[in-house]
Amino acid sequence: MSVLIFLDQSEGHIKKNSFEAASYGAKVAEILSTDAEGIVLGNVKGDLAPLGEYGLKKIHNINNEALNILDAQVFAKVIADTAIATGAKVIIFSNNLSGKAIAPRLSARLKAGLVSGAVAVPDISNGFVVKKNVFSGKAFANVSVNTEIKIISLNPNSYQISQIQGIAEVVAMNATIDEPKIKVTAVNKIVGEVPLSEAELVISGGRGLKGGENWHLVTDLAKALGAATACSRAVADAHWRPHHEHVGQTGLAIAPNLYFAIGISGAIQHLAGVNRSKIIVVINKDPEAPFFKAADYGIVGDAFEVVPKITEAVKKLKGV
Ligand SMILES: Cc1cc2nc3c(=O)[nH]c(=O)nc-3n(C[C@H](O)[C@H](O)[C@H](O)COP(=O)(O)OP(=O)(O)OC[C@H]3O[C@@H](n4cnc5c(N)ncnc54)[C@H](O)[C@@H]3O)c2cc1C
């Protein structure tokens, strides 16, 4: 019996969310008095052994070109085979795009109970109960998992990364890789920007900015802070910003350490995607804007006056 953690990689680099999943998995293994082991699919740059510092005793690496691009069906099969071969009884993912695609398929394959969007380690005092977010982060549910194999996907930024001194044993594994049912014909990557899904700081703008031509207010502040940029759906619908920046119920759900909302009303559908942010700062000229109810800090004022002052202050503080 072991705890198996899927370590998600992109272009040979392990993603930050995977370090959270690894730290979480190591804690779950400690609770269950067993070992935490990682699984890495595809070609990764550099040595995997140092990932032992996240509490992993072993890393199973299926170093195969065919696994460099995510195909959730293929990945689910390879992870299922590895879980069976290694006797894993708990399998952990980050609840990011890859985790959301793979975990349910793996769950069906292994007939394993899945808790998606977990926010705490399982309580094993009476069974195996995992706390998760429900209703777009407005409530919690405690889910009891009774299957022999259990799968958990951990909400990004809901578990602190912890590091210890340790080196993992890296085990190169072979796998039967199914012929993919989907074929990737093109990959269009957004380059040179902080990826929104992994960003710790996010500056976001709404219709209060009046038009795409004023977006320098958002990007200047984001640049000064080293933050990613986001927007409300109304902004993306108006083509002021691309849709991959749209956050909310129908956009990306994010949980950065700092979310800066400029000229956004705070409609419930917007909040659904950002209310797990650790600190929310709202700038709105309307003191009755609903967003203030969800804010940790609020500035009632005109974004066109307030934001340049904040940007200047950040630059001064950073000496840039
Ligand atoms: C099914 C469904 C799904 C949806 N999904 C999403 C979603 O995923 N994400 C999302 O964002 N929305 C979503 N929406 C839309 C949502 O309901 C709101 O319409 C949208 O979030 C409004 O965007 P906004 O706050 O930018 O614009 P507005 O509602 O127009 O608000 C603009 C705000 O800017 C303020 N303002 C104006 N001028 C200034 C100024 N100079 N300085 C400072 N503040 C100023 C105003 O006081 C106002 O509060 C969804 C709606 C539906 C029905």
Side-chain angles (χ1 to χ4, degrees), residues 95-97 99-101 116-117 133-139 155-158 190 193-199 201-225 227-314:
N95 194 30
N96 59 10
L97 290 177
K100 282 178 184 163
S116 59
N133 275 135
V134 287
F135 301 125
S136 303
K138 284 198 286 298
N155 262 352
N157 214 10
S158 59
I190 301 146
E193 287 177 28
V194 183
L196 189 50
S197 56
E198 291 187 23
L201 312 174
V202 175
I203 313 297
S204 187
R207 209 149 44 180
L209 288 175
K210 319 286 185 217
E213 68 281 5
N214 297 322
W215 226 256
H216 57 91
L217 288 178
V218 171
T219 50
D220 287 353
L221 180 55
K223 202 169 161 201
L225 282 169
T229 56
C231 67
S232 68
R233 173 167 159 178
V235 161
D237 283 350
H239 304 294
W240 298 355
R241 295 299 290 175
H243 260 292
H244 67 253
E245 285 196 1
H246 145 210
V247 288
Q249 185 184 314
T250 46
L252 211 57
I254 55 171
N257 290 334
L258 175 70
Y259 183 74
F260 232 97
I262 305 170
I264 304 176
S265 57
I268 194 160
Q269 298 89 355
H270 185 86
L271 291 176
V274 301
N275 58 7
R276 286 190 297 107
S277 308
K278 296 268 190 308
I279 302 278
I280 296 178
V281 181
V282 170
I283 301 172
N284 199 303
K285 69 175 187 184
D286 175 8
E288 301 298 324
F291 222 145
F292 283 121
K293 289 203 179 86
D296 296 283
Y297 300 94
I299 300 173
V300 179
D302 187 337
F304 291 85
E305 287 171 24
V306 175
V307 178
K309 286 185 184 151
I310 296 176
T311 307
E312 274 319 302
V314 171

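Ligands are counted one by one from 1 in listed order, and the atoms in each one are counted from 1 as well. What you see below is based on every heavy atom in this structure, not just the backbone, and it leaves out hydrogens, waters and symmetry mates.
In this structure, L217 and F304 have side chains that are in contact, with non-hydrogen atoms separated by less than 4.5 Å. Looking at heavy atoms from C-beta onward, L225 lies in side-chain contact with I203 at the 4.5 angstrom threshold. Proximity of K278 to L258: side-chain heavy atoms (C-beta onward) are nowhere separated by under 4.5 Å. With contacts defined as side-chain heavy-atom distances shorter than 4.5 Å, the pair F260/I283 qualifies. In this structure the side chain of L209 reaches within 4.5 angstrom of the side chain of I262, judged on heavy atoms. At least one side-chain heavy atom of T229 sits under 4.5 Å from a side-chain heavy atom of R241.
Closest protein heavy atom to atom 53 (C) of ligand 1: Q269 NE2, 3.9 Å. The protein atom (non-hydrogen) at minimum distance from atom 34 (O) of ligand 1 is G263 O, 3.0 Å. The protein heavy atom nearest to atom 46 (C) of ligand 1 is N284 OD1, 3.6 Å. The protein heavy-atom contact nearest to atom 43 (C) of ligand 1 is K285 N, 3.3 Å. For atom 30 (O) of ligand 1, the closest non-hydrogen atom of the protein is R207 NE, 2.9 Å. The protein heavy atom nearest to atom 3 (C) of ligand 1 is R233 NH1, 3.3 Å. For atom 36 (N) of ligand 1, the nearest non-hydrogen atom of the protein is G208 CA, 3.6 Å. At the top of the distance list for atom 31 (O) of ligand 1, counting protein heavy atoms only, stands S265 CB, 3.4 Å.
Distances below 4.0 Å separate heavy atoms of D302 from the following atoms of ligand 1: 40 (C), 41 (N), 42 (N). Heavy-atom contacts of F304 reach the following atoms of ligand 1: 41 (N) (cutoff under 4.0 Å). Numbered from 1 in the order shown, with element, the atoms of ligand 1 that lie under 4.0 Å from a heavy atom of G206 read 26 (O). Residue G301 has at least one heavy-atom neighbour below 4.0 Å for each of these atoms of ligand 1: 42 (N), 43 (C). If you number the atoms of ligand 1 from 1 as listed, the ones under 4.0 Å from a heavy atom of T250 come out as 3 (C), 4 (C), 5 (N), 6 (C), 7 (C), 8 (O). Near K210, meaning under 4.0 Å from one of its heavy atoms, ligand 1 places the atoms 37 (C), 38 (N), 39 (C). Heavy-atom contacts of D286 reach the following atoms of ligand 1: 47 (O) (cutoff under 4.0 Å). If you number the atoms of ligand 1 from 1 as listed, the ones under 4.0 Å from a heavy atom of Q249 come out as 7 (C), 8 (O).
The proximity of A267 to ligand 1, defined as any non-hydrogen pair under 4.0 Å, is limited to the side chain. Neither the backbone nor the side chain of L209 has a heavy atom within less than 4.0 Å of ligand 1. Residue contacts with ligand 1 for F291 are absent, since no atom lies close enough (heavy atoms, distance under 4.0 Å).
Results of the side-chain contact (heavy atoms from CB on, under 4.5 Å) test with D237 over H243, R207, H246 single out H243 as the only residue that passes.
Checked against a 3.5 angstrom limit, the closest N/O atoms of V247 and ligand 1 fall inside it. Taking only nitrogen or oxygen atoms, main chain and side chain alike, A303 reaches within less than 3.5 Å of ligand 1. The N/O atoms of C231, backbone and side chain alike, include none that comes under 3.5 Å of an N/O atom in ligand 1.
The main-chain N or O of S136 is found under 3.5 Å from a side-chain atom of N275 such that the two form a donor-acceptor pair. With hydrogens and angles ignored, the 3.5 Å screen pairs no side-chain donor or acceptor of N95 with any backbone N or O of S116. Without hydrogens or angle criteria, N96 side chain to G99 main chain gives a donor-acceptor distance under 3.5 Å. Of the possible donor and acceptor atoms, none in the side chain of N284 sits under 3.5 Å from a partner among the backbone N and O of A289.
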### Task
List the steps and the verdict of side-chain contact (heavy atoms from CB on, under 4.5 Å) for I264 and S204.
CA-CA 8 Å; I264 304 176; S204 187; 3.5 Å; yes
#### Entry: side-chain contact (heavy atoms from CB on, under 4.5 Å) evaluation trace for F292 with V300
CA-CA 9 Å; F292 283 121; V300 179; 3.8 Å; yes
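Ring orientation note: the planes of H270 and Y259 are tilted relative to one another, at an angle of 30° to 60°.
At least one heavy atom of G251 lies less than 4.0 angstrom from ligand 1.
Within a 4.0 Å radius of atom 23 (O) of ligand 1, the protein has at least one heavy atom.
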